[in-house]
Amino acid sequence: MSDFSALFTEIFEANNLNRFITENNIAAFERLTGLLADFNARTNITAVAGERETIALHYADSLVCADLIPEGAHLLDVGCGGGFPSLPLAVARPDLHVTALDATAKKLRFVELAAADLGLDNIAPLCGRAEVLGHEPKHRGKYSVVVARAVAPLGRLLEYCLPFTSSDGRFIALKGQHGAEELEESASALEKLRGRVIRSCEYTLYGAGEPQSRFAAVFVPSGKLPDSFPRSNAAITKRPL
Ligand code: SAH
């Protein structure tokens, strides 16, 4: 067993992700780790450095939500940065059709490069601002699963993400240790955006130093979203719902 394989196995077991420990996944994630390190040395796209941190904070942390995603979903990752959680999901869940959205083109270049190198045909980059694309008929209400990790406070994130969610779809917010408080504070935003929370859980991420607290919440549309949402970025930032 290579060092990478041993580390991957240890961290995935610690996070109860045993079902993803396969030869194919280990080979793909080892390759992805090399690509990310090379790319990051030239263009800084992530602060996470080292194999242990990359496996725990990028791969395991991206895949903890995998069971909340139905088979064959059309998934949009809003504010994917260098492709998290979208790239690990595309690797480990070949059944998904993944779109990786970010406003920063240089970060999406990594998604493109990694997808080409790993031969992933189930992930496509989308460059633009969420609050703009959320009004386009091609994207509004068109995704059965929307996910976002580490993008904005939950009230704002709901305004970015619910417009993309199909009427029978769901939005999964991946948050850090203050997620439960953010959820309480987002009641008014949820009401205005016609959304409802159907599930939330606190959990622990293991493998990178001290265990870290995490929070995930699943939202569904509970009515038709008014056309006025999402508002402009200035309004979203300056006038929280
Ligand atoms: N989800 C990734 C990146 C988080 S950093 C991860 O967990 O590693 C936040 C990212 O969100 C940045 O890359 C930023 O460009 C993007 N972002 C923030 N607001 C956005 C918006 N309104 N539309 C599109 N992308 C946005």
Side-chain angles (χ1 to χ4, degrees), residues 29 32-33 35-37 39-40 43-50 53-66 69 75-92 98-115 123-136 138-140 143 145-165 171-179 182 189 193 205 207-208 212-217 229-241:
F29 282 113
L32 184 61
T33 307
L35 294 171
L36 187 59
F39 193 91
N40 215 33
T43 316
N44 189 26
I45 54 163
T46 172
V48 172
E53 286 71 24
T54 303
I55 296 169
L57 301 177
H58 279 334
Y59 307 156
D61 196 34
S62 291
L63 291 175
V64 283
C65 68
I69 304 173
L75 180 141
L76 179 72
D77 181 6
V78 173
C80 68
F84 301 100
S86 39
L87 269 174
L89 284 168
V91 170
V98 179
T99 303
L101 159 65
D102 205 280
T104 308
K106 81 167 186 189
K107 295 189 179 184
L108 284 178
R109 273 204 287 282
F110 180 70
V111 176
E112 253 172 319
L113 178 143
I123 178 165
L126 176 63
C127 192
R129 296 217 46 105
E131 66 279 12
V132 174
L133 293 170
H135 283 286
E136 291 185 2
K138 200 173 157 205
H139 299 291
R140 191 176 179 90
Y143 298 89
V145 177
V146 180
V147 292
R149 184 186 83 158
V151 175
L154 191 54
R156 259 161 68 187
L157 199 56
L158 285 163
E159 190 164 352
Y160 289 142
C161 294
L162 281 174
F164 294 112
T165 311
F171 162 49
I172 304 168
L174 300 173
K175 304 293 296 182
Q177 56 178 336
H178 303 298
E182 288 188 44
L193 295 164
L205 182 74
Q212 300 190 11
S213 296
R214 292 284 191 273
F215 182 84
F229 296 117
R231 298 167 296 158
S232 69
N233 200 43
I236 293 176
T237 343
K238 287 190 203 124
R239 287 185 279 115
L241 292 172

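When a ligand or atom number is given, it counts from 1 through the structure's own listing order. Side-chain atoms are counted along with the backbone in the values below, which use heavy atoms only and exclude waters and symmetry mates. Just so it is clear, the structure is predicted and the values come from calculations on it, not from any experiment.
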Distance-only side-chain donor-acceptor flag, Tyr143 / Asp77, under 3.5 Å: no

Parallel, tilted or perpendicular: rings of Phe164 and His139 (30°, 60°): perpendicular

Salt-bridge contact Lys175-Glu182 (side-chain N to carboxylate O under 4.0 Å): yes

Contacts of Asp102 that satisfy salt bridge (Lys or Arg N to Asp or Glu O under 4.0 Å) - sequence neighbours left out: none

Distance, nearest 0.5 Å, that separates OG of Ser62 from CG of Leu174: 8.0 Å

Within the protein, residues bringing a heavy atom under 4.0 Å of ligand 1, chain by chain: Gly79, Cys80, Gly81, Phe84, Asp102, Ala103, Thr104, Lys107, Gly128, Arg129, Ala130, Glu131, Arg149, Ala150, Val151, Tyr160

Close side-chain approach of Tyr160 and Arg129, heavy atoms under 4.5 Å: yes

